[in-house]
Amino acid sequence: MTDWWRNAVIYQVYPRSFADGNGDGAGDLPGVTERLPYLADLGVDAIWLSPFYRSPMVDGGYDVADYRDVDPVFGTLDDFDAMAKKARDLGIRVIVDLVPNHCSDQHPWFTRALSAENGSPERDRFWFRPGRGPGGTEPPNDWRSIFGGPAWTRVEDGSWYLHLFAPEQPDLNWTNPEIHAEFLDILKFWMERGVDGFRVDVAHGMVKAEGLPDADYGDGEMNMFSHLKVPYFDQDGVHDIYRTWRPLLDSYGAMAVAEAWVSSAERLARYVGPDQLNQAFSFDFMLADFDAAQYRKIIESTLAEADVVGAPATWVLSNHDKPRHVTRYGDDGLRKARAAILLMLALPGSAYLYNGEELGLDDVTDLADEFKVDPAYRRTGESRDGCRVALPWSLPLTPPQPARWEKLTADAQDADPASTLNLYRRALRARRTHMADAPEIEWLQAPAGVLAFRRGETTVVVNTGSRPVPLGVYGGRVVLSSDDRPDPAQLPPGTAAWLTRL
């Protein structure tokens with residue numbers, strides 16, 4: 001049984017925006033099945049499916065009403081099985097999202113809890129507490145929702161329940177043994193259907209500090225991505241949960257990757273290892289500026305901490321929660337994004353791609369309100385919908401796809417050797433050829449603004465500065481370049497290249 005995930009390239013499919021298989025205007029599982037040959041041609045090893053479970057879709061499916069069924073928006077369990085089979089036939093493994101911190105307020109457990117009394121077994125599956133202040137009219141503590149406002153909602157009998165996200169997403173109480181048993185069974189259900197792994201949503205959030213003490217935020221900004229130390233994220237007890245999962249995962253040859261927003265690379269490394277999860281995303285790398293010094297510092301610390309626990313680093317540039325990196329990089333964003341992918345694919349460990357990044361898509365920042373369905377938008381005015389717009393496979397485009405995407409459709413890019421799509425195809429092939437068994441990073445001297453390292457016979461140079469960089473000092477010939485018209489003698493600003501020894 002191989003640890004295939006240690007250096008895999010995994011493609012995140014956000015089902016609603018990936019591909020529409022039945023023509024109703026929304027992405028679905030038949031659409032994924034139809035486009036699997038495209039992903040095989042791209043060269044990915046696995047796909048990660050964001051939630052497709054039964055859900056009221058208050059938070060894009062991250063409010064799960066039934067963990068063992070497919071929402072009709074996306075199809076049926078038969079559609080899932082057909083998709084998984086075709087993926088296997090094409091050599092693509094399947095990872096699915098798991099949402100263990102909270103469920104939907106339409107989940108049968110929560111609807112029963114609402115009609116039950118305080119202290120009942122039904123309510124003990126969640127965090128129901130009396131309020132503070134005169135008549136219990138104030139929340140039980142000062143915790144804030146990630147989506148804005150208090151993290152508590154009051155019900156008819158005067159009690160309050162905890163939701164670190166939307167009110168429609170009540171937090172599950174992981175001190176209750178029923179929750180542990182339920183999720184072990186959910187894991188088994190999907191592995192029995194041939195699932196190869198799980199992306200664990202809010203992997204740092206299931207355990208709350210005993211007594212639910214105030215967070216005392218002070219002037220700190222609190223959101224999903226902050227590093228503020230709070231009594232409901234990154235509690236040590238969360239690792240006890242993963243110690244019970246790991247033997248079951250191993251027995252099926254499955255893996256799990258943590259979405260964990262924590263304060264340091266050292267804290268992140270605690271989520272992976274022989275008795276924990278297999279991977280944890282390096283979000284510091286994702287959020288870095290296009291800057292050589294930042295990249296090197298993050299790469300060094302991430303690789304060092306991963307090495308301590310014997311786990312691979314896990315790199316990502318974009319996902320469904322943050323603006324696409326083409327947009328984040330600002331001026332010449334696409335040029336920088338093309339360089340960044342050559343950097344990421346050259347690093348030791350695994351790499352995750354977000355659907356549409358291979359087309360060089362940017363965020364749609366001028367969305368009309370009718371297309372803003374992110375629950376955070378209603379409470380904070382901020383929306384993640386701009387990075388979740390449907391992929392442009394071909395013309396004509398449909399709202400809210402912007403007119404500037406006309407040249408970025410998959411059809412338009414397919415036959416263009418200089419396109420971003422074909423750059424990704426070349427890069428993934430080159431990764432298998434040059435990086436599959438390459439040793440660890442050997443850093444090379446480089447001028448300010450330039451990142452240079454060697455892995456075996458391949459040298460990687462990334463120019464984040466403002467002046468061209470001579471390539472002759474590194475020797476070898478260019479085998480891959482992010483520039484659509486590469487100069488073998490020098491590397492322009494905002495580009496990257498791989499060289500092999502002559």
Side-chain angles (χ1 to χ4, degrees), residues 56 58-59 62-65 99-179 201-238 241 261-263 374-383:
V58 170
D59 183 23
Y62 283 93
D63 49 317
V64 182
V99 189
N101 179 73
H102 49 264
C103 64
S104 167
D105 63 351
Q106 301 303 307
H107 191 288
W109 276 4
F110 193 72
T111 58
R112 291 174 198 148
L114 286 179
S115 59
E117 297 179 350
N118 283 325
S120 64
E122 291 82 4
R123 288 207 167 181
D124 190 53
R125 295 168 176 152
F126 302 91
W127 295 98
F128 280 88
R129 293 292 185 271
R132 297 193 292 195
T137 57
E138 298 176 9
N141 61 29
D142 69 349
W143 294 3
R144 302 174 191 167
S145 164
I146 301 303
F147 292 156
W152 296 89
T153 289
R154 201 177 193 193
V155 298
E156 288 186 2
D157 66 9
S159 298
W160 298 73
Y161 71 88
L162 176 66
H163 52 86
L164 292 179
F165 294 85
E168 297 88 350
Q169 295 169 287
D171 276 48
L172 292 161
N173 176 10
W174 277 85
T175 68
N176 187 326
E178 279 190 86
I179 308 301
D201 184 61
V202 195
H204 58 306
M206 289 109 83
V207 173
K208 281 66 174 172
E210 187 174 357
L212 310 185
D214 281 347
D216 294 326
Y217 300 98
D219 296 328
E221 177 189 3
M222 184 60 235
N223 57 52
M224 180 67 176
F225 319 110
S226 76
H227 287 164
L228 189 65
K229 184 65 176 175
V230 289
Y232 46 82
F233 280 163
D234 196 27
Q235 300 296 302
D236 290 341
V238 76
I241 297 171
W261 295 89
V262 296
S263 58
D374 185 351
Y377 177 68
R378 300 194 303 269
R379 306 182 81 180
T380 67
E382 298 180 2
S383 169

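Note that the coordinates shown come from a computational prediction; the quantities given were computed from them, not determined experimentally.
Applying the salt bridge (charged side-chain N to carboxylate O under 4.0 Å, His left out) rule to Glu138 yields no partners; only residues at least two apart in sequence or on another chain are considered. For Asp171, the side-chain hydrogen bond (donor to acceptor under 3.5 Å, both in side chains) partners at least two apart in sequence or on another chain are Asn101, Lys208.
Using a 4.5 Å cut-off on side-chain heavy atoms (C-beta onward), Arg379 and Ser145 make contact. Side-chain contact check for His102 versus His163: every heavy-atom pair is 4.5 Å or farther apart. Under the 4.5 Å side-chain criterion, counting only non-hydrogen atoms from C-beta, Asp63 is not in contact with Asp105. A heavy-atom distance below 4.5 Å is found between the side chains of Val155 and Phe128. Residues Tyr161 and Pro167 have side chains in contact (heavy-atom distance under 4.5 Å, counting atoms from C-beta outward). When side chains are defined from C-beta on, Pro130 does not count as touching Pro140, because their heavy atoms never get closer than 4.5 Å.
Note that CZ of Arg112 is 14.5 Å distant from CZ of Arg123, once rounded to the nearest 0.5 Å. A distance of 7.5 Å separates NE2 in His107 from CG in Leu172, rounded to the nearest 0.5 Å. Rounded to the nearest 0.5 angstrom, Asp216 CG and Lys229 NZ are separated by 14.5 Å. In this structure, CG in Leu164 is found 10.0 Å from CD in Gln169, a value given to the nearest 0.5 Å. Here the CH2-CG distance, from Trp152 to Asp142, works out to 11.0 Å after rounding to the nearest 0.5 Å. Atom CE of Met206 is separated from atom CD1 of Ile241 by 4.0 Å, given to the nearest 0.5 angstrom.
The aromatic rings of Phe110 and Phe126 sit perpendicular, their planes meeting at an angle over 60°, well past the 30° parallel limit.
Nearest approach of Phe233 to Gly205, heavy atoms of both residues: CD2-CA, 3.8 Å. Heavy-atom minimum distance, Gly148 versus Thr380: CA-CG2, 3.7 Å. Nearest heavy-atom pair across Gly237 and Val207 is C-CG2, 3.6 Å. Between Val262 and His204, the shortest heavy-atom contact is CG1-CB, 4.4 Å. Of all heavy-atom pairs between Arg154 and Gly136, the closest is NH2-O, 3.3 Å. Ala151 and Arg144 make their closest contact through CB-C, 3.6 Å (heavy atoms, listed as atom of the first residue, atom of the second, distance).
Under the 3.5 Å distance criterion, the side-chain polar atoms of Gln235 are matched with a main-chain donor or acceptor of Val230. Counting only distance, with no hydrogens or angles, the side chain of Trp160 and the backbone of Arg132 share no donor-acceptor pair below 3.5 Å.
Checked options Phe165, Tyr232, Trp127; the residue passing with Trp143 is Tyr232 (criterion: ring-ring contact (aromatic ring centres under 6.0 Å, His included)).
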